There are 2 protein chains.
Amino acid sequence: MANVQTLSKGEQTRERILDIAQDAVLHKGFAGTSLDEIIAEAGITKSGFFYHFKDKNDLAKALLQRYLDTEWSVFDALFKQADELSEDPLHSFLIFLKLFAEVMGDLPNGHPGCLVSSYVYSDHMFSRDVREMTTEGHRIWRRRFRERLDRIAARYPSRIEINLDDMADMLSAVADGGIILSKSLSEPGVLSRQIMQYRAFVRLVFLGN
Amino acid sequence: MANVQTLSKGEQTRERILDIAQDAVLHKGFAGTSLDEIIAEAGITKSGFFYHFKDKNDLAKALLQRYLDTEWSVFDALFKQADELSEDPLHSFLIFLKLFAEVMGDLPNGHPGCLVSSYVYSDHMFSRDVREMTTEGHRIWRRRFRERLDRIAARYPSRIEINLDDMADMLSAVADGGIILSKSLSEPGVLSRQIMQYRAFVRLVFLGN
DNA sequence: ACAAGTACTGTACCGCGAGTACTTTTCTCA
DNA sequence: TGAGAAAAGTACTCGCGGTACAGTACTTGT
């Protein structure tokens with residue numbers, strides 16, 4: 001929740017609505033989250049809500065956009081940090097994965113859930129543009145991780161035949177799946193350990209140990 | 001959909017309701033699926049529905065129970081098939097993973113979605129016993145895969161330090177995440193390729209190639 | 001042939017939640 | 001102090017989950 005001071009009153013209310021809504025959506029699904037409960041918790045009226053969002057789908061869109069932006073900036077920061085610690089593409093990626101696992105492991109109550117995954121299991125509830133946003137989100141992550149893997153593959157021979165798109169996707173899959181397992185088992189540590197296993201896989205493929 | 005002939009008329013209707021409900025739940029979430037649409041598609045009345053299920057939560061429970069039973073028997077069949085093709089625990093597991101990937105790849109419209117994953121993102125909608133069923137489902141899969149890995153680890157030294165529970169969980173994670181990616185990207189092939197990558201990981205850990 | 005289930009249909013009703021529409025008030029800052 | 005931002009107020013509609021209960025057609029054993 002970046003610098004509250006710089007946000008106008010309206011923007012603060014809007015962010016508060018989004019915070020409350022996101023938490024509810026991750027536990028009850030989008031359709032299961034009522035506007036009434038959101039406005040009650042936000043301490044506003046229905047009219048106040050509709051001042052900020054034209055309908056429920058508009059809320060879904062804003063929620064997803066904010067989530068994707070946040071994820072993007074988190075990855076950006078971790079990649080930057082990793083790049084500062086090593087020039088080598090493989091070691092930088094391995095450092096990134098370690099940092100990623102640490103961040104995911106340090107969340108006090110475990111990861112609250114991936115909004116994109118939640119939306120995928122409610123796709124028929126949303127307008128086409130929202131559905132395209134989830135698709136595009138996964139495409140971006142694939143492209144992003146793939147870039148890193150390309151640079152690695154250019155310098156390191158791989159021990160086995162591997163499709164780099166699949167290897168890039170696997171990080172998304174392991175993260176999404178790890179979050180589900182963590183939540184379902186109430187074992188917050190599962191997610192970061194799964195990321196570390198993906199790291200072990202990358203290491204085995206390019207270093208052999 | 002085992003032998004329709006052996007099912008009584010009531011059981012057939014019940015199964016039809018479950019089929020329709022499952023499809024809807026995987027696309028709209030549980031809360032987003034209305035009883036009215038289910039009964040309309042099933043060609044019954046509301047009273048007919050409540051003859052089979054005492055309320056919506058009861059439907060959720062029956063849906064999940066049937067899903068878990070089906071998954072269990074699919075895995076059972078694949079493990080049995082794999083065991084017949086090799087006595088060696090590692091090769092049997094690798095064959096199993098190949099078969100699993102093939103089955104997932106042969107689904108004409110891609111995997112329809114994992115009901116357990118869908119439920120995890122709606123946990124607050126369900127009663128405690130339903131939530132415990134999803135947890136128990138993941139625990140069973142972990143135990144199941146772990147047994148296989150134990151037998152493998154007893155015969156093959158692992159190339160890296162590895163936690164076998166995590167390795168067992170990784171298959172669930174990769175499958176759940178792979179399904180989400182497949183659905184989101186509308187690329188049915190992603191799921192089976194992710195399973196094959198998990199297979200490559202297991203192979204690298206225990207065989208080094 | 002008939003009684004006893006089984007598997008429903010029909011009807012009527014309730015309260016809550018999403019969403020619409022539009023007016024009015026309060027706050028905030030230049 | 002006045003204009004726009006940020007709501008509050010009011011009033012209504014419709015869909016949905018759920019309840020209650022009476023009636024009916026089909027099926028199955030005896």
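Worth knowing before you read on, the calculation uses all heavy atoms, side chains too, and leaves out hydrogens, waters and symmetry mates. Just so you know, these numbers come straight off a predicted model, no measurement behind them. Within every chain, numbering begins at 1; the chains are lettered A, B, ... in the order of the sequence lines, protein sequences first and strands thereafter.
- Electrostatic pairing of A/E41 and A/R16 does not count as a salt bridge here, judged by no charged N lying under 4.0 Å from a carboxylate O.
- Between B/I38 atom CD1 and D/dG15 atom P there is a gap of 18 Å when expressed in whole angstrom units.
- Out of C/dT9, C/dT20, C/dC8, the shortest distance to the side chain of B/T45 is found at C/dT9.
- The base of D/dG9 is paired with the side chain of A/S47 by a donor and an acceptor separated by under 3.5 Å.
- Sequence order on DNA chain D of the closest nucleotides to A/F49 and B/K56 puts A/F49 first from the 5' end.
- In this structure, the nucleotide among C/dT9, C/dT20, D/dA8 sitting nearest to the side chain of B/I44 is C/dT9.
- For B/K46 against D/dG17, a side-chain N or O and a base N or O form a donor-acceptor pair under 3.5 Å.
- Listed nucleotides C/dT11, C/dC8, D/dG18 differ in distance to B/Y51; the shortest reach to its side chain belongs to C/dC8.
- A centroid separation of 6.0 Å or more is found between the aromatic rings of A/F93 and A/F100.
- Under 4.0 angstrom from either OP1 or OP2 of C/dC16 there lies no side-chain N or O belonging to A/S34.
- Between the CG atom of B/L59 and the C1' atom of D/dC16 there is a distance of 15 Å, rounded to whole Å.
- Note on A/R144 versus A/D76: salt bridge recorded, some NZ/NE/NH1/NH2 to OD/OE distance being below 4.0 Å.
- Taking the six-membered ring wherever Trp is involved, the centroid distance between the rings of A/F30 and B/Y121 does not fall below 6.0 Å.
- Applying the 4.0 Å criterion to OP1 and OP2 of D/dA5, one finds that A/H52 has every side-chain N and O outside that range.
- As a whole-Å value, the separation of B/M125 CE from C/dG17 P is 11 Å.
- To the nearest angstrom, C1' of D/dG17 lies 14 Å from NZ of B/K54.
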